[in-house]
Amino acid sequence: MPLTHTVGSITVTALVDGAGPFFQPRAEAFPEATGDQWREADRRDPDSVTPDGRWWLPFRAFALRAGDGPVTLVDAGIGPADALAASWAPVPGRLPAELAAAGIDPADVRTVVLTHLHTDHVGWAGPLFPNADHLVQRAELAALELFHPELPTRLLGPLRAAGQLRVVDGNTDLTPGVRVLSTPGHTPGHQSVLVDDGDDRLLVTGDLLVHTLQLLDPALAYAHEENPATAATSRTTLLRTLTPLTLATPHLGHPFTPHPHPHPHPTPR
């Protein structure tokens with residue numbers, strides 16, 4: 001049964017589409033990380049490192065639902081065997097089975113928030129969710145040259161033709177207690193999703209942070225960020241301004257991680 005976390009009336013369900021080792025040595029992904037930081041990150045998140053020292057990644061999507069109401073899905077995993085991520089990710093994914101195990105009918109998904117357009121976050125987007133708008137930041141669509149060359153033909157064009165592509169600009173309210181936050185840097189139009197019940201908050205991070213190293217040092221750059229300085233600003237700002245905070249992460253060993261260094265400030269608007 002998929003793991004869940006509740007914020008107010010909203011249940012957040014972590015859905016694992018697949019898992020596998022990263023495609024390069026992890027030290028190359030975080031070239032500025034120190035030995036002490038690696039040791040502390042491995043202590044905090046031992047499931048993210050293999051016995052032979054590789055970075056082990058789960059690939060998750062998150063379902064948000066209040067009671068038996070419509071579902072908001074954040075990200076769409078690595079996808080089936082012929083997905084755009086097939087050249088490097090452990091396809092085929094198992095998201096349809098994970099949804100079934102969580103008691104979620106794909107027809108009940110009314111919104112799919114694509115945190116960004118990297119192939120491991122869009123794999124099941126489109127036909128699996130026939131009743132869902134798919135949310136993308138306008139800044140992300142303006143930077144299509146950065147993404148898989150087949151993305152416009154295989155995903156974005158069909159979504160537009162079906163009237164299922166919803167383009168947003170910046171922070172956007174979705175449903176009561178659920179808000180999209182613009183968190184650029186990893187990609188130009190990266191977005192995260194905040195579930196807010198006043199004293200209890202959960203942030204679905206997408207790739208705003210990808211490793212526990214970035215909880216230890218939010219300014220630490222990841223080699224595959226398009227703009228590391230902007231990514232660090234997005235990460236540092238949210239981790240400092242949102243508290244109390246649980247992080248719902250696609251790639252950390254545990255899907256729900258308490259923020260270790262909260263500082264009380266107003267919710268960003």
Name all pairs fulfilling the ring-ring contact (aromatic ring centres under 6.0 Å, His included) condition that reach into residues 129-150, sequence neighbours left out, sorted by first residue then second. His118-Phe147
Just grab all the ring-ring contact (aromatic ring centres under 6.0 Å, His included) pairs involving residues 33-52, residues at least two apart or on different chains. Trp38-His211
Non-neighbouring partners of [X] that pass salt bridge (Lys or Arg N to Asp or Glu O under 4.0 Å), sequence neighbours left out:
| X | answer |
| --- | --- |
| Asp199 | none |
| Asp200 | none |
| Arg166 | none |

Hydrophobic cluster of Val193, others only, ordered by chain and residue number, side-chain cut-off 4.5 Å: Leu3, Val7, Ile10, Val12, Phe62, Leu64, Val74, Val113, Leu135, Val168, Leu174, Val178, Val180, Val195, Leu202, Val204, Phe256
Any side-chain hydrogen bond (donor to acceptor under 3.5 Å, both in side chains) pairs touching residues 73-83, not counting sequence neighbours? Asp75-Thr115, Asp75-His121
List for me each residue that meets side chain to side chain donor-acceptor pair (under 3.5 Å) alongside [X], sequence neighbours excluded, and say none if there are none.
| X | answer |
| --- | --- |
| Asn227 | Thr230 |
| Glu150 | Arg154 |
| Thr212 | Asp45 |
| Ser234 | none |

Looking at Asp42 and Arg26, is any side-chain nitrogen of the basic one under 4.0 Å from a carboxylate oxygen of the acidic one? yes
Flag if over 12 foreign heavy atoms under 6.0 Å of CG, Asp169: yes
Which donor-acceptor pairs under 3.5 Å do the side chains of residues 91-106 make with protein atoms, sequence neighbours left out?
residue: Arg94; atom: NE; partner: Val16; partner atom: O; Å: 3.4
residue: Glu98; atom: OE1; partner: Val16; partner atom: N; Å: 2.8
residue: Asp105; atom: OD1; partner: Ala107; partner atom: N; Å: 2.9

